[in-house]
Amino acid sequence: MSSSSVGFGPAGGTPDYRLLFESAPPCMAVLDADLRLVSASEEFLRATGTTRDQAIGASVFDLEREEPGSVAGAASHLRPSLARVLAEGVPDATAPQMVLTQRPAEQGGGSEARYLATVNTPVLEEGRVAYIIHWVQDVTGYVLPRQDDVNRMKWEAEEAKTDFVSRVSREVRTPLSTILGFAELLAFGSLSEEQQMHASAVVTAAKRLASFMDDFQYQSRTQASDLMLLEDAVPAARVVTEAMDLIQPLAASQSVHLDPPTLSGVQVFADEERLCQALVQLLSNAIKYNHPAGEVSVSVSSQSDGWVRLNVTDTGPGIAEADLDRVFVPFERLDAALAGVEGTGLGLTLSRQLVEAMGGRAGVTSTPGVGSTFWVELPAAPSELGSSGADPIAGETIAYASPKTLMYVEDMVDNLRLVEHILKRRPSVRIVPALLGREALDLAKAEHHPDMILLDRRLPDMSGEELLRRFQTDPATRGTPVVVFSSDTDEEQISRLLAAGAVAYLTKPIKVRSFLTTIDHLLG
């Protein structure tokens, strides 16, 4: 039989592909870019307990609820999978999840545990995801592990994820430290107006990349309470100004005007870097969801109950009251995908997590057609308690009362050169470089007797932890302050090194002001 004589319809006519799809045995559905059903197989309708009229047009999350008897009892795993498909345009799958299903009466009734996994495949039109083929598979016969095996696999997966995130973070932070450090030094120098603008643009871009790496790493952790916070009395206006400086390039690209707050002496108890990070997320959201030529304003006000409120207000389309409770849900983007706004739906979630970890609270008010105000409240701090207010001018040259020696243990030559250039602003400090841990031990015992040791955590011949231990046990260096300087930002590790005797832990990319503040505190 020739191929031309093979057909599905009458007389070999064009087959009805919708009918074929709906009659196919697998449990499948087709979703649009807004994750609503446009088609479904009969098996999918049976598994979800819906009719075709009920399913078509409904959100997949309304059909696949987290409750016994649902087709996928772990919708929280489905949400990030679909988000990755939309963002990257590549297939994605969820790990098998256990759900309880009802046995038919003829099989004795009751419920049984089944393991379901989903495969989500994008259908692209002109490079964009137009549809997603959503396939739910019963993999009970392939999985059905014991509970201890499930726990072990989950633990191994979390360990692998954490290790991957840490490795990526370190690989990016190491060169980023050099870029940001030298760019800041250029910005502090005597430059023309145009050169100053170029240097500032590099600094801003590098800080935004560093902020992104923070988001990437913090969001990979399961609990915001796991974060280590360095809380102090922080001038609110200063943090707002820094956040607005970081977000200015995005505002310019969207033609959105930023209206800075009126400077005031109001202070809050907070971790300055984490508060800035939370505000950058709120500002980014206000810009991306704004109208072209719109405005974003920030206000700082003291409340009568001892709190300080920071408002980020936009002139965007606003949010319906029924949707306000969903804006802080991870991966929940409302109609952002339909509007063509890029993102993953994590920014607002991260902001609230950071604020709540600092003992604060966050929320939103909105008027459709007028705009929205995302607010953050933190405990007020008396101005006289603020140690963070003394922000040194990094471009200023300061001489100490007596010469000092700083040993820098670092195998990356670019980082050594950067620290050498920064310390030109502290001419009283002589730097002694050491590329290896054993070399540092020998130099410290010999003629140098450093007043301070700056220690990278990853060295070719030994770990920073081991070298710190040896410094602590050697009489020649037992009383010498050791500052760990690393691209690794794991909070548990930082706590462990500080408990082991390090007086401070500085993270890369280097921040010139913070670095000189630490040097001045320990040596000046």
Point to revise | Set of residues satisfying ring-ring contact (aromatic ring centres under 6.0 Å, His included) with respect to His521, sequence neighbours excluded | key: none
**Study point:** Whether over 12 other heavy atoms sit under 6.0 Å from Arg438 CZ
**Key:** no
Check your understanding: Does anything in residues 460-492 pair up under ring-ring contact (aromatic ring centres under 6.0 Å, His included), and if so which pairs, sequence neighbours excluded?
Key -> none
Review point. Is there a donor-acceptor pair closer than 3.5 Å between any side-chain N or O of Asp461 and the backbone N or O of Gly437?
Key: yes
Exercise for review: Could you please spell out the steps behind the side-chain contact (heavy atoms from CB on, under 4.5 Å) verdict for Val409 and Ile453?
Suggested key: CA-CA 8 Å; Val409 191; Ile453 298 171; 4.2 Å; yes
Check your understanding: Are Glu420 and Arg417 ion-paired here, with the side-chain N under 4.0 Å from a carboxylate O?
Key -> no
Check your understanding: Looking at Gln281 and Ser351, what are the two nearest heavy atoms and their distance?
Key -> CB-OG, 2.9 Å
Practice item. Quick one: pull up CZ in Arg430 and CE in Met407 and give me the separation to the nearest 0.5 Å. Key: 9.0 Å
**Study point:** Glu466 and Leu468, any side-chain heavy atoms less than 4.5 Å apart
**Key:** no
Practice item. Evaluate the side-chain proximity of Val298 to Thr313: yes if any heavy-atom separation is below 4.5 Å, no if none is. Key: no
Check your understanding: If you take all heavy atoms of Glu377 and Val355, which pair is closest and at what distance?
Key -> O-CG1, 4.2 Å
Point to revise | Pair listing, ring-ring contact (aromatic ring centres under 6.0 Å, His included) test, anchored in residues 396-426, at least two apart | key: Phe182-His421
Check your understanding: So do Val119 and Gln137 actually touch side chain to side chain, heavy atoms under 4.5 Å?
Key -> yes
Practice item. Let me see the working for Leu258 and Gln248 under side-chain contact (heavy atoms from CB on, under 4.5 Å), right down to the final yes or no. Key: CA-CA 8 Å; Leu258 293 180; Gln248 178 61 48; 3.5 Å; yes
Review point. Lys404 and Arg426: side-chain contact (heavy atoms from CB on, under 4.5 Å), yes or no, with the steps?
Key: CA-CA 10 Å; Lys404 303 292 181 181; Arg426 301 297 183 264; over 6 Å; no
**Study point:** Glu410: partners by salt bridge (Lys or Arg N to Asp or Glu O under 4.0 Å), with sequence neighbours left out
**Key:** Lys508
Check your understanding: In Å and rounded to the nearest 0.5 Å, what is the CD to CG distance from Glu439 to Leu459?
Key -> 10.5 Å
**Study point:** salt bridge (Lys or Arg N to Asp or Glu O under 4.0 Å) against Asp474, all qualifying residues, sequence neighbours excluded
**Key:** Lys445
Check your understanding: Can you find a heavy atom in the side chain of Val240 that is under 4.5 Å from one in the side chain of Val300?
Key -> yes
Practice item. State, to 0.1 Å, how close Gln254 and Ile287 come at their nearest heavy-atom pair, and which atoms those are. Key: CG-CG2, 3.7 Å
Check your understanding: How far apart are the closest heavy atoms of Ala444 and Thr477, and which atoms are they?
Key -> CB-CG2, 3.5 Å
Revision key, fill the gap. Minimal heavy-atom distance between Val266 and Ser302, with the atoms involved, is CG2-OG, 3.7 Å
Review point. Any Lys/Arg nitrogen of Asp411 or Arg458 sitting under 4.0 Å from an Asp/Glu carboxylate oxygen of the other?
Key: no
Review point. Within a strict 4.5 Å, meaning less than it, do heavy atoms of the Arg457 and Leu497 side chains meet?
Key: yes
**Study point:** Check against side-chain contact (heavy atoms from CB on, under 4.5 Å), Leu455 and Val483
**Key:** CA-CA 6 Å; Leu455 172 62; Val483 175; over 6 Å; no
Point to revise | From CG (Leu310) to CG (Leu279), nearest 0.5 Å | key: 6.0 Å
Exercise for review: Answer yes or no: is there an ion pair linking Arg469 with Glu465, defined by an N-O contact shorter than 4.0 Å?
Suggested key: no
Review point. Donor-acceptor pair, Ser284 side chain versus Val280 backbone, under 3.5 Å?
Key: no
Exercise for review: Decide yes or no for Val312 and Thr373: does some side-chain heavy atom of the first lie under 4.5 Å from some side-chain heavy atom of the second?
Suggested key: no
**Study point:** Donor-acceptor contact present, side-chain Asn311 to main-chain Ser299, <3.5 Å
**Key:** no
Study note, to complete from the structure: Separation between CG (Asp271) and CG (Leu354), nearest 0.5 Å, reads 9.0 Å
**Study point:** Min side-chain heavy-atom separation His449-Thr405 under 4.5 Å
**Key:** no
Exercise for review: Answer with yes or no whether the side chains of Thr118 and Thr94 bring together a donor and an acceptor at under 3.5 Å.
Suggested key: yes
Practice item. Flag this pair as yes if the NZ/CZ of Arg361 is under 6.0 angstrom from the six-membered ring centre of Trp375 and inside a 45 degree cone about the axis; otherwise no. Key: no
Check your understanding: Between Val484 and Ala502, what is the shortest heavy-atom contact and its length?
Key -> CG2-CB, 3.8 Å
Revision key, fill the gap. Hits for salt bridge (Lys or Arg N to Asp or Glu O under 4.0 Å) against Glu88, two or more places apart or cross-chain, chain-then-number order -> none
Check your understanding: Phe515 versus Leu454: any side-chain heavy-atom pair under 4.5 Å?
Key -> yes
